[in-house]
Amino acid sequence: MGSGLLEFIINTLKIALIFVGIVSTVPLLVWVERRGSAFMQNRLGPNRVGPLGLLQLAADAVKFIFKEEFIPQKAEKVLYFMAPGLALLPAALTFVAVPLSTPVTVMGHTINMQMADINVGIIYIFAVASLGVYGILAAGWSSGNKYSLLGALRASSQMISYELAMGLSIVGILMIFRTFSLNEMITAQTGHLSFIWQGSTTTVSWLPNWGIFFQPVAFVLFITSGFAETNRLPFDLPEGEAELVAGYHTEYGGFKFNMFFMGEYGHMITSSALITTLFFGGYAIPFMSPDEVLKFWMGHAQGMAGLISLSAADIASILTTLTHLVSFLLKTGFWLFVYIWVRWTLPRFRYDQLMDLGWKTLLPWALANLVITTVFMFFARVKM
Amino acid sequence: MLGITPEDMLFHTFAGIATIGAILVVLVRNPIYSALFLALTMCVLGAIFFTLEAYFVSVAQITVYAGAVMVLFVMVLMLFDLKHEHEDIFRITPLNLSKILAVAVMCGFLVGTGWLAVSAVNGNPGAHVAPQTVAQDLEKKELPNELPAKQTHINPDEDFTNAEDAALIDEAKKEEVVLPDPNVVASTSDAEFGSTVSLSRRLFSKYVFAFEAVSLLLLVAIVGAVALAKSKGGTHHGG
Amino acid sequence: MAVDFNSIIHVGLNHYLILSAVLFSIGVLGVLMRRNAIVILMSIELMLNAVNLVFVAFSKYNQNIDGQIMVFFVMTIAAAEAAVGLAIAVAIYKRFKEVNISRFENLKG
Amino acid sequence: MIQQLAPVLVLIVVVVGFVVVSLSLTFLAGPKRKPTAQKQMPYECGIPGIDNQTTKFSVKFYLTAILFILFDIEVIFLYPWALIYTDFLNYGPFIFVEMMVFMAILTFGFIYVWKANALDWD
């Protein structure tokens with residue numbers, strides 16, 4: 001029972017660490033957004049508090065704590081307080097299945113850098129993401145303001161329409177990788193681009209074996225519905241219109257308002273992590289499989305073994321995990337920057353344009369992409 | 001003495017939450033709160049399916065029931081906005097009492113038949129059934145629900161490779177295209193029980209007719225829902 | 001007879017059957033007691049969920065995957081029923097501004 | 001099974017704890033002021049609200065939700081099919097024809113919905 005308990009403690013620490021990591025990256029993202037958008041509009045952005053304005057985030061967080069607790073008179077008290085939690089919980093739970101890096105073995109314990117290796121990984125993430133709608137509906141209805149109710153209905157019907165297109169767009173990827181678990185998808189995307197065409201394997205040496213080269217259309221659909229799922233510009237109409245003021249979180253202030261933003265940024269982090277895992281090889285280094293990286297570090301670890309008390313193998317595995325973690329963070333960071341970059345360049349859609357795009361363009365495109373991939377694989381017997 | 005395994009603890013907590021959630025669905029006055037409690041019950045049932053190693057079914061349950069059907073219920077209830085409609089459900093009238101009594105008797109029958117069915121399967125009434133014993137008992141005893149002789153030779157996991165198809169595969173093997181061994185599934189997750197691959201093998205080979213009937217059912221539902229939505233009852237009578 | 005805690009604590013097939021029987025009975029109670037058409041539809045969904053639980057429980061204890069496939073078809077029927085049922089309920093609400101089924105007797109032909 | 005479920009439950013406890021702590025923190029730390037009437041009114045840029053809370057709802061919201069359910073069932077049947085498609089192609093075109101019929105019927109339903117302009121947003 002001892003080792004089980006130790007295992008449990010290590011895992012709980014890992015989960016708490018990753019959750020604190022997410023909660024602390026959200027203010028960082030807010031800072032990047034405010035300064036990034038400032039530079040795009042060649043103004044300065046927050047730089048008073050602390051170096052480069054980094055402490056501005058801590059100041060905001062503290063300010064939120066000391067805001068007056070305010071409940072609108074017509075609000076449903078219980079649901080009014082539960083709504084921020086309902087919005088934050090699915091956003092945090094989707095990050096459980098995302099693989100951050102290769103498992104690390106230190107002093108006999110192997111800790112895999114992923115909260116839970118769920119074998120139905122990708123559809124677990126979509127299932128929990130679909131629960132995010134309850135937070136929005138509860139917030140809109142319980143704050144007693146009819147405009148926030150209208151904003152909540154618009155936001156939720158937008159989210160469910162784009163959820164459909166997102167679910168359909170990844171079926172092509174599942175056909176190619178033939179698995180739901182994200183780890184198996186990453187191991188399938190290592191090395192050079194190679195596929196079996198009519199029985200013979202052809203490899204394209206100058207391209208990594210990423211999912212985007214197999215399903216480019218699915219990538220475009222996935223990233224568009226990713227924007228719509230997180231209610232980001234150009235899809236943030238429910239909060240943007242004049243009469244809706246701030247949409248479903250009009251009546252919220254202080255830390256409750258901050259929690260809605262944490263939920264939105266959590267969804268943003270998860271969907272950029274999904275983009276890297278499904279289409280850009282996740283934590284794998286292009287052209288190199290994780291074992292080659294381990295061999296590379298094993299060579300260098302002999303020298304360092306003397307300095308630290310760990311054995312060479314431990315050092316090598318720690319270094320491989322770190323390199324893969326850095327590659328994962330770089331890729332996801334790039335896609336987070338794309339989220340922010342698009343927000344400050346594209347104008348907002350009108351609501352009927354937005355729904356038409358969801359139902360009349362993305363959905364037919366997803367169906368067409370699916371049928372074409374099926375027919376293509378039927379004739380070409382293309383296999384990973 | 002009471003070696004409670006984590007799985008048992010998990011089941012008892014989930015069962016408790018599910019029962020309390022279900023009771024609150026019926027008891028709560030405001031329909032929106034009862035819809036939210038039903039969504040909670042469905043998520044907890046999804047978790048129970050996960051402990052029963054039905055991984056894809058639990059995720060499908062959360063996506064379809066908790067993520068789509070209950071969202072429709074909550075949206076429709078919000079559109080109605082039944083602030084005024086407060087019924088007092090449990091007035092103590094002879095009718096209500098007789099209803100509750102009838103339901104209690106029915107519940108007793110259900111639990112009783114379940115108990116007898118389980119004990120009939122392994123011979124001693126009221127015996128506790130561990131997962132493996134039922135499967136082994138089925139092999140040992142000639143029970144009525146034993147599969148008829150003809151069918152047993154089809155291995156449940158190889159629906160495609162019964163006698164008639166074996167010839168096809170041998171002939172296919174002669175071509176240069178190397179056929180994958182039907183038992184070994186290409187992806188690493190092997191076809192053990194409860195994995196999605198074994199489920200979809202059976203779904204798309206043995207239950208094909210039901211699968212096609214599902215699409216017809218959905219088509220009928222789509223046309224029906226659209227016709228109802230455009231019915232004259234609409235607020236703007238433009239139709 | 002002595003209550004052996006062992007069979008109560010260790011989860012076997014009985015526990016799942018009892019849980020689904022309880023959920024099913026609560027669903028039936030909901031249908032009988034509640035006056036609101038939408039809550040009646042919800043109780044029917046609850047009963048169908050209890051049936052799904054029995055399917056999955058027997059599918060695991062008999063090591064036969066057909067039970068899980070049946071759950072899909074029950075899910076499809078439940079979703080189609082909920083969709084069309086709610087469309088009818090909304091049409092009635094718009095026409096009669098009333099969802100309380102006791103006042104539906106005046107639905108003249 | 002337990003290794004996959006335990007982290008999810010632990011994370012639920014951590015998140016709920018975080019939400020409860022932060023809400024109670026603002027409750028304690030925040031200034032306590034007597035709620036004035038103006039503050040309590042639903043926020044409408046200062047103009048007092050005209051009619052009561054019931055909005056004139058439009059059909060479109062719940063029709064989108066209904067269509068979402070019905071097409072979500074199609075997506076759920078597509079997921080297991082996608083896993084075994086390439087493997088079962090070797091046993092002949094049966095798996096291909098099967099799904100094409102399923103998709104054709106539902107795409108016909110989608111075209112019907114499109115032509116009945118149930119998707120047009122007024």
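In what follows, every chain begins at residue 1, and chains take the letters A, B, ... in the order their sequences are listed.
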dist E53(B):CD -> N119(A):CG (nearest 0.5 Å) comes out at 10.0 Å
Decide yes or no on side chain to side chain contact (heavy atoms under 4.5 Å, CB included) for L79(B) and L153(A), but give the supporting numbers first. CA-CA 9 Å; L79(B) 284 175; L153(A) 287 173; 3.5 Å; yes
Could you measure the distance from the CG atom of L77(B) to the CH2 atom of W141(A)? Nearest 0.5 Å is fine. 9.0 Å
Does the plane of the ring in F180(A) sit parallel, tilted or perpendicular to the ring in F56(B)? Use 30° and 60° as the thresholds. parallel
Are any of the side-chain heavy atoms of T196(B) and V120(A) separated by less than 4.5 Å? yes
Pick whichever of V59(B), V74(B), V64(B) has the most heavy-atom pairs under 4.5 Å with chain A. V59(B)
Audit row: Y124(A), I62(B), side chain to side chain contact (heavy atoms under 4.5 Å, CB included) steps and yes/no: CA-CA 9 Å; Y124(A) 161 82; I62(B) 292 180; over 6 Å; no
Structural part of A129(A) lying under 4.5 Å from a heavy atom of chain B: neither
Roughly how far, to the nearest 0.5 Å, is OG of S181(A) from OH of Y55(B)? 12.5 Å
Looking only at non-hydrogen atoms, find the nearest pair between S130(A) and G67(B) and report the distance. OG-CA, 3.6 Å
So for I118(A), is it side chain, backbone, both, or neither that comes closer than 4.5 Å to the heavy atoms of chain B? side chain
Kindly compute the distance separating CE (M78(B)) from OG (S156(A)), expressed to the nearest 0.5 Å. 8.0 Å
Contact origin within L137(A) toward chain B - heavy atom pairs under 4.5 Å: both
Residue part contacting chain B, namely of S157(A), when any heavy atom lies under 4.5 Å: both
